[in-house]
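To find a chain, count down the sequence lines: A is the first, B the second, and so on, and within it residues start at 1.
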Amino acid sequence: MTMNYWLLKSEPDQFGYHHLTSAPKKRTIWDGVRNYQARNILRDQVKVGDLAYFYHSSCKIPGIAGICRVTKVGLIDPSSLDPESPYYDPKSSLDNPRWITIEVEAIRALSRVIPLKELHQHEALQNMVLLNRSRLSVQPVSQTEWDYIEEQIIAADR
DNA sequence: GCCAACGTTGGC
DNA sequence: GCCAACGTTGGC
């Protein structure tokens, strides 16, 4: 069986990692993604059991804040069907849903946010999607990159 | 708040 | 299907 790794962006002012850890069952539906490439990844590639970095964007110190695990896939994004939601999409419906997403569960917060600036400094991470396609809000992390970050950055903090 | 990068829309 | 105009993301 193959294991996939991902990076999910969220603005901590709206929903930070601590929101996830204090949510019921430490879980949340990853709603509000309205970019087709990101949607396609969520719909077609992300599997239950995959791990993901929870990344804080558009904030004072952008970076990786925690780790989460995928608990459900193939969910219709509820916000897309809710006329009250800022993410409402009138072109989406229950019968023909346009925005498919996942549920994730908090695994652990990192002892510190690993700043984007720091990731940039590692030669081994120069090919990370995060450092090259900065606007994609759901993106793959390679096994090599994941292992490097775990071993060289996260473990080094302990 | 600025602005570069880049995604989306819509006229043709 | 092209591409100009426009909107959004996100680091700084």
Side-chain angles (χ1 to χ4, degrees), chain A residues 4-23 28-46 50-70 73-104 106-142 144-146 148-150 152-154 156-157:
Chain A
N4 297 313
Y5 301 95
W6 309 99
L7 182 144
L8 303 172
K9 290 184 193 170
S10 187
E11 299 186 19
D13 291 347
Q14 278 189 218
F15 193 88
Y17 193 79
H18 73 280
H19 290 102
L20 183 60
T21 53
S22 59
T28 192
I29 291 182
W30 204 260
D31 63 356
V33 171
R34 292 296 177 271
N35 168 284
Y36 287 103
Q37 198 177 349
R39 188 280 312 268
N40 292 348
I41 292 172
L42 291 173
R43 186 188 60 188
D44 304 334
Q45 295 185 244
V46 179
D50 286 352
L51 294 177
Y53 288 134
F54 190 116
Y55 179 87
H56 286 174
S57 67
S58 294
C59 56
K60 199 159 187 179
I61 303 178
I64 298 169
I67 296 173
C68 48
R69 177 161 52 208
V70 178
V73 298
L75 308 174
I76 298 172
D77 182 335
S79 67
S80 67
L81 303 180
D82 174 8
E84 302 297 307
S85 167
Y87 300 115
Y88 177 59
D89 180 355
K91 291 175 181 164
S92 187
S93 67
L94 256 188
D95 288 344
N96 191 15
R98 178 174 294 202
W99 303 106
I100 303 298
T101 190
I102 63 174
E103 181 194 72
V104 299
I107 297 297
R108 66 189 163 94
L110 302 189
S111 58
R112 65 185 176 102
V113 172
I114 300 169
L116 174 64
K117 194 187 282 185
E118 184 175 328
L119 298 174
H120 271 291
Q121 293 165 354
H122 290 266
E123 191 59 38
L125 300 178
Q126 291 312 300
N127 290 326
M128 274 192 87
V129 176
L130 184 68
L131 307 190
N132 295 285
R133 303 270 326 280
S134 63
R135 295 186 49 192
L136 190 59
S137 67
V138 175
Q139 52 179 259
V141 176
S142 76
T144 307
E145 290 157 356
W146 185 277
Y148 181 89
I149 292 169
E150 290 293 317
Q152 303 301 318
I153 302 179
I154 296 174
D157 283 342

With a 6.0 Å cut-off (strictly less than), is the heavy-atom count around CZ of A/R69, excluding the residue itself, greater than 12?
no
Evaluate the ring planes of A/W146 and A/Y53, with Trp represented by its six-membered ring, and classify them as parallel (under 30°), tilted (30 to 60°) or perpendicular (over 60°).
parallel
May I have the distance from A/R34 (atom CZ) to C/dG10 (atom P), rounded to whole angstrom?
15 Å
Does A/L131, at its CG atom, have more than 12 non-hydrogen atoms belonging to other residues, nucleotides or ligands within less than 6.0 Å?
yes
We want to know whether A/H56 and A/Y17 form a side-chain donor-acceptor pair, criterion being a heavy-atom distance below 3.5 angstrom.
no
Side chain to side chain donor-acceptor pair (under 3.5 Å) pairs, two or more places apart, involving residues 106-115 of chain A:
A/R108-A/E150, A/R112-A/E118, A/R112-A/D157
Looking at A/D77 and A/R98, does any basic side-chain N land under 4.0 Å from a carboxylate oxygen?
no
Do A/Q37 and A/R133 pair up side chain to side chain, a donor and an acceptor below 3.5 Å, judged on atom types alone?
yes
Angle between the two end axes of the helix from B/dG1-C/dC12 to B/dC12-C/dG1, five base pairs per end, rounded to 10 degrees?
10°
What is the distance, to the nearest angstrom, from the CG atom on A/N132 to the C1' atom on C/dG11?
15 Å
In whole angstrom, what separates A/Q14's CD from C/dG10's P?
11 Å
Let me have a per-nucleotide readout for nucleotides 1-9 of chain C, 5' to 3', with B, S or -, counting only protein heavy atoms under 4.0 Å.
------BBB
Parallel, tilted or perpendicular for A/H19 and A/F15, by the 30°/60° rule?
parallel
